[in-house]
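Report on the following structure.
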Protein chains: 2
Amino acid sequence: MEKDKLSALAVIKLFEGLPKAQLTSLADIALLKRAKAGDTLFEAGQPGTHFYAVVSGKVRVYRAAPSGKEQILHVFGAGEAFAEVPVFEGKTYPASAQALEDSLMLSFPRKEFVEVLRRDPELALGVMALLSARLRAFVGQIAQLSLKEVPERLAGYLLLLRASQNRDDLTLDLPKGQIASYLGTIPETLSRALKKLTDQGLIEISGNRVAVLDPEGLAKLAEAGR
Amino acid sequence: MEKDKLSALAVIKLFEGLPKAQLTSLADIALLKRAKAGDTLFEAGQPGTHFYAVVSGKVRVYRAAPSGKEQILHVFGAGEAFAEVPVFEGKTYPASAQALEDSLMLSFPRKEFVEVLRRDPELALGVMALLSARLRAFVGQIAQLSLKEVPERLAGYLLLLRASQNRDDLTLDLPKGQIASYLGTIPETLSRALKKLTDQGLIEISGNRVAVLDPEGLAKLAEAGR
DNA sequence: CCGCATCCATGACTAAAGTCAAAACCGACG
DNA sequence: CGTCGGTTTTGACTTTAGTCATGGATGCGG
């Protein structure tokens with residue numbers, strides 16, 4: 001049991017390189033949590049009681065409009081931590097979270113986690129770095145949403161995928177509808193944007209595979225501010 | 001001189017309640033910096049060497065597209081700290097900063113500031129809370145940009161102003177062009193959105209004064225997801 | 001192997017917001 | 001008081017993206 005938690009903790013990048021003692025005190029307060037694909041972990045507006053980390057699986061964090069349209073903020077995979085925001089404020093979750101696949105997670109009650117942080121400046125610095133990286137990503141996302149059109153955002157997304165998969169032959173990591181939601185648009189518009197890039201000879205699509213034909217062309221498009 | 005810095009530090013909310021010793025060590029590493037209205041403090045992409053705090057004046061942090069369109073991320077006034085992101089990453093500034101008025105600022109070299117943080121868990125927690133609050137705000141901004149139309153975003157902005165000014169008779173804190181940029185749109189569209197709210201009897205405008213006639217109506221509008 | 005469900009693509013249409021150009025407004029300054 | 005520079009408003013138009021409806025593909029369970 002406790003061993004489960006320790007081996008789960010070992011997966012989380014945020015906790016990498018932490019001394020044994022710290023890991024043990026984290027294991028003491030951690031809870032293992034399983035979710036099936038589609039399960040909601042928490043909803044925007046609920047009291048933010050826990051901090052999470054994904055041991056395996058995939059979780060999306062998003063905001064939904066009353067109309068049903070959703071904006072994905074980020075999709076977290078194995079090793080990543082999320083829901084840091086309420087930890088230090090004790091207020092509500094600013095967004096909702098849902099498992100996209102069957103997932104195993106660690107969760108940490110906020111007060112206890114803060115106590116561990118107070119005692120370990122190195123971990124605290126790690127958390128600050130995590131928060132900063134998130135802020136940087138959000139700044140990029142805000143700029144994309146407000147300054148770029150859908151095909152440009154799509155080009156940027158494909159380039160990101162290419163960088164993370166290290167090849168020109170990409171496998172989309174999410175269903176297209178989810179990608180649309182991540183790019184701040186709807187499936188129909190994404191579908192058209194994909195066609196547009198295809199027509200321009202930048203990519204080729206078949207199912208959930210995308211071949212990048214012209215990375216420079218994509219990059220130029222992605223740069224293009226409006 | 002050193003006294004100047006100490007009294008300047010006293011203005012910054014992040015440092016409120018800090019013991020004298022910490023304030024002194026902050027004063028040791030801080031630099032006083034003056035900027036005239038319009039001066040650029042740093043630009044997106046430059047190496048992020050300093051952390052800032054506004055002692056007096058007003059600073060806008062924004063991203064610019066090649067086309068010239070700009071998205072304001074936030075406007076910081078007296079007592080607020082900004083440019084936290086590069087502190088913990090040592091990379092580049094994710095956005096640009098420009099003084100909107102003649103301003104006095106404190107700046108802290110990143111490495112030295114991190115050292116102070118390492119020694120003071122309380123200050124570290126304060127910084128984490130600051131980062132979290134910023135994240136929360138960004139989540140809201142992303143949701144607004146992607147889920148709401150301009151009049152709805154405007155309604156939200158006016159309600160924020162109303163809350164901060166505690167009255168129905170608002171004074172716009174920024175020129176309209178800047179407000180447009182903050183809302184992710186352009187002056188023409190903002191102008192039309194203001195007219196629209198006026199036509200609906202929600203507000204009345206004269207110059208940079210806006211009278212809120214129907215707060216509930218505004219709130220209902222602001223809620224409306226797309 | 002069939003049928004259902006989900007996802008995706010496409011077409012026709014509407015609505016929102018951006019572009020461009022010009023006029024009105026406003027404050028500062030001589 | 002008049003003019004200059006900037007900001008704001010207005011109008012006509014274009015472009016982008018969202019809506020609604022339909023049909024095709026794909027994959028899974030019975």
Side-chain angles (χ1 to χ4, degrees), chain A residues 37-38 60 64-72 100-102 143-155 157 171-200 203-210 221 224-226, chain B residues 37-38 60 64-72 100-101 144-155 157 171-200 203-210 221 224-226:
Chain A
R60 72 177 181 132
S67 65
K69 193 185 172 193
E70 295 177 347
Q71 170 68 46
I72 292 184
L100 286 176
E101 310 172 349
D102 293 355
Q144 292 250 332
L145 283 173
S146 127
L147 302 175
K148 295 187 182 167
E149 313 189 335
V150 172
E152 300 167 354
R153 287 180 238 161
L154 173 56
Y157 179 74
T171 304
L172 297 180
D173 52 345
L174 296 171
K176 288 185 187 161
Q178 297 297 312
I179 295 178
S181 173
Y182 178 73
L183 295 177
T185 185
I186 57 175
E188 291 95 319
T189 299
L190 173 62
S191 179
R192 284 162 185 143
L194 280 167
K195 185 139 68 110
K196 190 168 174 188
L197 298 193
T198 304
D199 290 349
Q200 298 180 358
I203 60 173
E204 243 166 38
I205 322 171
S206 87
N208 72 338
R209 319 266 304 164
V210 174
L221 222 201
R226 190 183 297 176
Chain B
R60 74 178 180 130
S67 66
K69 193 185 173 193
E70 296 177 347
Q71 170 67 47
I72 292 182
L100 286 175
E101 310 172 349
Q144 293 250 333
L145 282 173
S146 128
L147 269 16
K148 296 190 180 162
E149 312 188 336
V150 171
E152 300 167 354
R153 289 179 237 160
L154 173 57
Y157 179 75
T171 304
L172 297 181
D173 51 347
L174 295 172
K176 287 183 186 162
Q178 298 296 313
I179 295 178
S181 173
Y182 178 73
L183 296 177
T185 187
I186 56 175
E188 291 95 319
T189 301
L190 173 62
S191 179
R192 285 166 184 139
L194 280 166
K195 186 140 66 115
K196 190 168 174 188
L197 298 192
T198 304
D199 289 350
Q200 296 179 0
I203 60 173
E204 242 167 39
I205 321 171
S206 85
N208 72 337
R209 319 268 303 166
V210 174
L221 222 201
R226 192 182 298 176

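Here the structure is a predicted model, which means the values were calculated and not measured. Note on naming: letters A, B, ... go to the chains in the order of the sequence lines (proteins, then strands), and numbering restarts at 1 for each one.
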Just by distance, do the side chain of Thr198(B) and the backbone of Leu194(B) share a donor-acceptor pair under 3.5 Å?
-> yes
Does any residue of residues 184-193 of chain A have a heavy atom under 4.0 Å from DNA chain D, and if so, which ones, in number order?
-> Gly184(A), Thr185(A), Ile186(A), Glu188(A), Thr189(A), Arg192(A)
Thr185(B)/Leu154(B) under side chain to side chain contact (heavy atoms under 4.5 Å, CB included): CA gap, chis, key distance, verdict | CA-CA 10 Å; Thr185(B) 187; Leu154(B) 173 57; over 6 Å; no
Taking CG from Leu183(A) and P from dT16(D), how many angstroms apart are they, rounded to a whole number?
-> 17 Å
Please state whether the phosphate of dG18(D), meaning OP1 or OP2, lies under 4.0 angstrom from any side-chain nitrogen or oxygen of Lys69(A).
-> yes
Starting at atom CD1 of Ile179(B), determine the distance to atom C1' of dT9(D), rounded to an integer number of angstrom.
-> 15 Å
Interatomic distance where CG belongs to Leu147(A) and P belongs to dA17(D) [whole Å] | 13 Å
Between Lys176(B) and Gly207(B), is there a donor-acceptor pair closer than 3.5 Å when you use the side chain of the first and the backbone of the second?
-> yes
Nearest-Å distance, NZ (Lys196(B)) to C1' (dA17(C))?
-> 11 Å
Ionic contact status for Lys196(B) with Glu149(B), cut-off 4.0 Å = no
Measure the distance from CG on Leu197(A) to P on dA9(C) and round it to the nearest whole Å.
-> 13 Å
Starting at atom CG of Asn208(A), determine the distance to atom P of dC8(C), rounded to an integer number of angstrom.
-> 9 Å
Between C1' of dG6(D) and CG of Leu100(B), the distance in whole Å = 16 Å
To the nearest Å, how far apart are Leu145(A) CG and dA17(C) P?
-> 14 Å
Heavy-atom donor-acceptor pair, Gln71(B) side chain to Tyr182(B) backbone, under 3.5 Å = yes
With no hydrogens and no angle check, is any side-chain donor or acceptor of Ser146(B) less than 3.5 Å from a backbone partner on Gly184(A)?
-> no
Where the side chain of Lys176(B) is defined as all heavy atoms beyond and including C-beta, which of dA17(C), dT9(D), dG11(C) is the nearest nucleotide?
-> dT9(D)
